[in-house]
*Asks:* 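Submitted below is the structure of interest, expressed as structure tokens.
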Amino acid sequence: MTDASIRVRFAPSPTGYLHVGGARTALFNWLFARRHGGVFVLRIEDTDVERSSEEMVSGILDGLRWLGIDWDEGPEVGGPHGPYFQSKRLERYRAAAERLVGEEHAYYCYCNPDELKAKREAAEGGEGWRYDRTCLALTPEEVAAREGARLPRAIRVRVPEGATSFTDLVRGEITIDHAHMEDFVILRSDGHPTYHLSVVVDDIDMRITHVVRGEDHISNTPKQVLLYNALDHPLPAFAHVPLILGPDKRRLSKRHGATSVTEYQRQGYLPEAMVNFLALLGWSPGDDRELFTRDELVAAFGLEGISGGNAVFNPDKLEWFNNQHIMRMATDELAGRLEPLVREAGLWHDDLRDTQRAWWLSLVDLLKPRLKRLPDVVEQARPFLSDVLAYDEAAVHKYLTPQMAGPLAELAATLAATTPFDAATLEPVIRGFAEARALKAATLIHATRVAVTGKAASPGMFDTLALLGRERSVARVRRGAAMAAASVPRQT
RNA sequence: GCCGGUAUCGUCUAGGGGUUAGGACACGUGGUUCUCAGCCACGGAACCGGGGUUCGAAUCCCCGUACCGGUACCA
């Protein structure tokens, strides 16, 4: 088949928000489609009416959009093989199920679900029990009686003797003996299809060529293969990707902390970083590259690179990716993403958009390598954006000592006279100033830092002063001098 | 229980019949330096166990073990 004919899909069930596992599956499908110039379909599997909801659908769409995973067919964009909500395709499933009954690949089952459940539980340990085919053995009279009594009926597949094999692109050939497969329900008595039916009917209708999904579906695949065969339709290619686990190697769940993409968005992760990180969870380009742009991922992606084992979600590495992507992002773009956060913190003023724009960009540049997450900008930019300094008590005590009062006061005067007020000019001036007073430059700089930022850590002092400007620098150093003079020497 | 899958540093992984088993995160130590971050260098750290095949197994095969998944009128 040609590349352009490749069609893949992501088919989430809207019973929760988009979690990282689903996002990773969506990403693999999307990367595969984009790599081959194929089509990426988004389909909502909302046949479980009890657990599905509209809000969840929009949450999932938002999550995908945030990650930059766009779909060629699906909700909101439509497409030639819609509708893309399973709840709107019920007739398709019913027709398929009835067809299978007509062709004797399936049969009606009038068994009461509660009774079946009881039988199941009554069986040895409740495990391994298979449907006893009560309804397959029904005589025409018995069937007529049940129909006459208007008993609700489900449709079950008549699983033949034998075994089913299929080739998984990640794991090779997989075979399962039908002895371990019961006559599974494909249409519930309420007329809704079960997953096995709807997924197969839709994948056929939507011309899906490659089914790329989580490993949790691997055991279900033989059932679906049976359905493809019964429906007389060729199989798509299957690729089952490993699952994402928590640090305890258990399947990632809420108790491991944040599991929804929205949560990571909220915490200040870049979608670029999330995508990069997720792509490398269970997939490898085959070489030593780690940092990828979206386009580079598209160019490098292939199903062959998917590994077999499950992968533990490592938040430390995600954070590293985030910092790396922040550093690589164009300053003006980063500034744009930072703005809402700064605004929210009450530190924004509109001059930063026009007259002060260059200054704001310089600040962002300075902070770039220091941001692990976007919100880190608030505390780090605060000394630059506000004149209300929150002095770190320990830092004040350590560096704004009485003996620094004099030097700081003099430094303020020196700064007031330094021109131009830029880092290159300030550095020799300040170092010379310290030397002239037999002070270690470091000592003076530390004191100046606390005076000017209130903290023990900040960007380089000369850059900091330059960015602050002469006026604010002088005022803050003066104030620092006063604080130093007023501080009580450590008693020992 | 039964069925299926997986197994390389703590974690993500590359590799794969003969390699000093490579990279990344994290960690540790240095360096750059005014602090922090970043950056650079260095370091510790792995082929689940047992059999077999082979001149040679971490790699191929079998068994075991562990873990994950499935075993529904959930998806």
*Asks:* Decide yes or no, distance alone: a donor-acceptor N/O pair under 3.5 angstrom between the base of B:C68 and the side-chain of A:Arg251.
*Replies:*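 Such a pair does not exist between side chain and base.
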*Asks:* Need one value for A:Pro247: base, sugar-phosphate or nothing, where a base atom within 4.0 Å counts as base even if backbone is also close, heavy atoms only.
*Replies:*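 Contact class for A:Pro247: none.
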*Asks:* A:Phe184 near the nucleic acid: base, sugar-phosphate alone, or nothing, with a heavy-atom cut-off under 4.0 Å?
*Replies:* nothing
*Asks:* Please work out if A:Met327 contacts a base, only the sugar-phosphate, or nothing of the nucleic acid, heavy-atom cut-off 4.0 Å.
*Replies:* sugar-phosphate
*Asks:* At under 4.0 Å between heavy atoms, what does A:Asn323 touch on the DNA or RNA strands: base, sugar-phosphate, or nothing?
*Replies:*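 Sugar-phosphate, backbone atoms only, no base.
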*Asks:* Would you call the rings of A:Trp283 and A:Phe301 parallel, tilted or perpendicular, where under 30° means parallel and over 60° means perpendicular?
*Replies:* tilted
*Asks:* Collect all protein-nucleotide pairs involving nucleotides 43-49 of chain B in which both atoms are nitrogen or oxygen and the distance is under 3.5 Å.
*Replies:*
none

*Asks:* Quick check for you: among B:A14, B:G69, B:C3, whose closest atom lies nearest to any side-chain atom of A:Asp216?
*Replies:* B:G69
*Asks:* Identify every side-chain donor-acceptor pair in residues 13-23 of chain A under 3.5 Å, counting partners at least two apart or on other chains, and give the distances.
*Replies:*
{"from": "A:Ser13", "atom 1": "OG", "to": "A:Glu45", "atom 2": "O", "distance (Å)": "3.4"}
{"from": "A:His19", "atom 1": "ND1", "to": "A:Gly21", "atom 2": "N", "distance (Å)": "3.3"}
{"from": "A:His19", "atom 1": "ND1", "to": "A:Gly22", "atom 2": "N", "distance (Å)": "3.3"}

*Asks:* Under a 4.0 Å threshold between the charged nitrogen and the carboxylate oxygen, would A:Asp203 count as salt-bridged to A:Arg43?
*Replies:* yes
*Asks:* Mind checking if A:Ser284 touches a base, just sugar-phosphate, or nothing, with heavy atoms under 4.0 Å?
*Replies:*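 The answer is sugar-phosphate, as A:Ser284 gets under 4.0 Å only of primed atoms, P, OP1 or OP2.
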*Asks:* Does B:A58 pair with anything, Watson-Crick or G-U wobble, both distances under 3.5 Å, and if so, with which nucleotide?
*Replies:*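 Across any shown strand, B:A58 pairs with none.
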*Asks:* From C-beta outward on A:Ala442, which listed nucleotide comes closest to its side chain: B:C34, B:C68, B:C74?
*Replies:* B:C34
*Asks:* Which part of the nucleic acid, if any, lies within reach of A:Glu290 when heavy atoms closer than 4.0 Å are counted: base, sugar-phosphate only, or nothing?
*Replies:* base
*Asks:* Could you work out the separation of B:U13 and B:A58 based on their C1' atoms and round it to a whole Å?
*Replies:* 16 Å
*Asks:* Quick check on B:C73: is either OP1 or OP2 less than 4.0 Å from any side-chain nitrogen or oxygen of A:Lys117?
*Replies:* no
*Asks:* Could you tell me whether A:Asp248 and A:Arg250 have a side-chain N and a carboxylate O separated by less than 4.0 Å?
*Replies:*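 Answer for the salt bridge query: no.
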*Asks:* Check the angle between the aromatic planes of A:Tyr264 and A:Phe313 and answer parallel, tilted or perpendicular using the 30° and 60° thresholds.
*Replies:* tilted
*Asks:* Tell me every residue that passes side chain to side chain contact (heavy atoms under 4.5 Å, CB included) with A:Lys117, counting only those two or more places apart in sequence or in another chain.
*Replies:* A:Glu121
*Asks:* Within the 4.0 Å heavy-atom criterion, would you say A:Thr194 contacts the bases, only the backbone, or no part of the nucleic acid?
*Replies:* sugar-phosphate
*Asks:* Looking at every strand, decide which applies to A:His240 at a 4.0 Å heavy-atom threshold: base, sugar-phosphate, or nothing.
*Replies:*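 Counting heavy atoms under 4.0 Å across all strands, no contact is made by A:His240.
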*Asks:* Counting N and O atoms only, with roles assigned by atom type, does the side chain of A:Lys119 sit under 3.5 Å from a partner on the main chain of A:Tyr131, one being a donor and the other an acceptor?
*Replies:*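 Looks like no, no N/O pair under 3.5 Å.
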*Asks:* Side chain of A:Ala311: nearest nucleotide among B:C34, B:G22, B:C12?
*Replies:* B:C12
*Asks:* So A:Gln324, base contact, sugar-phosphate only, or nothing? Heavy-atom distance under 4.0 Å.
*Replies:*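 Answer is sugar-phosphate: A:Gln324 comes under 4.0 Å of backbone atoms only.
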*Asks:* Nearest nucleotide by nearest heavy atom, which residue falls closer to the 5' end of RNA chain B, A:Pro193 or A:Arg328?
*Replies:* A:Arg328
*Asks:* Nearest to the side chain of A:Met461, which nucleotide is it out of B:U13, B:G38, B:C34?
*Replies:*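 Selected nucleotide: B:C34.
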*Asks:* What does the list of N/O pairs under 3.5 Å between the protein and nucleotides 4-7 of chain B look like, with a distance for each?
*Replies:*
{"from": "B:G5", "atom 1": "O2'", "to": "A:Arg171", "atom 2": "NH1", "distance (Å)": "2.7"}

*Asks:* B:G22, B:U71, B:C34: which one has an atom nearest the side-chain heavy atoms of A:Lys223?
*Replies:*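 Side chain of A:Lys223 sits closest to B:U71.
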*Asks:* For A:Asp376, enumerate each residue passing the side chain to side chain donor-acceptor pair (under 3.5 Å) test, keeping only those at least two apart in sequence or located in another chain.
*Replies:* none
*Asks:* Hey, does A:Arg130 reach any base, or is it just sugar-phosphate, or nothing, if we go heavy atoms under 4.0 Å?
*Replies:* nothing
*Asks:* Using a 4.0 Å heavy-atom cut-off across all strands, classify A:Gly214 as base, sugar-phosphate, or nothing.
*Replies:* nothing
*Asks:* Using a strict threshold of under 4.0 Å (side-chain N to carboxylate O), is an ion pair present between A:Arg294 and A:Glu272?
*Replies:* no
*Asks:* Going 5' to 3' along nucleotides 26-33 of chain B, which nucleotides have protein heavy atoms under 4.0 Å from the base (write B), which only from the sugar-phosphate (write S), and which from neither (write -)?
*Replies:* S------S
*Asks:* Between A:Glu410 and A:Arg437, is there a salt bridge with N-O shorter than 4.0 Å?
*Replies:*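 Looking at A:Arg437 and A:Glu410, the cut-off is met.
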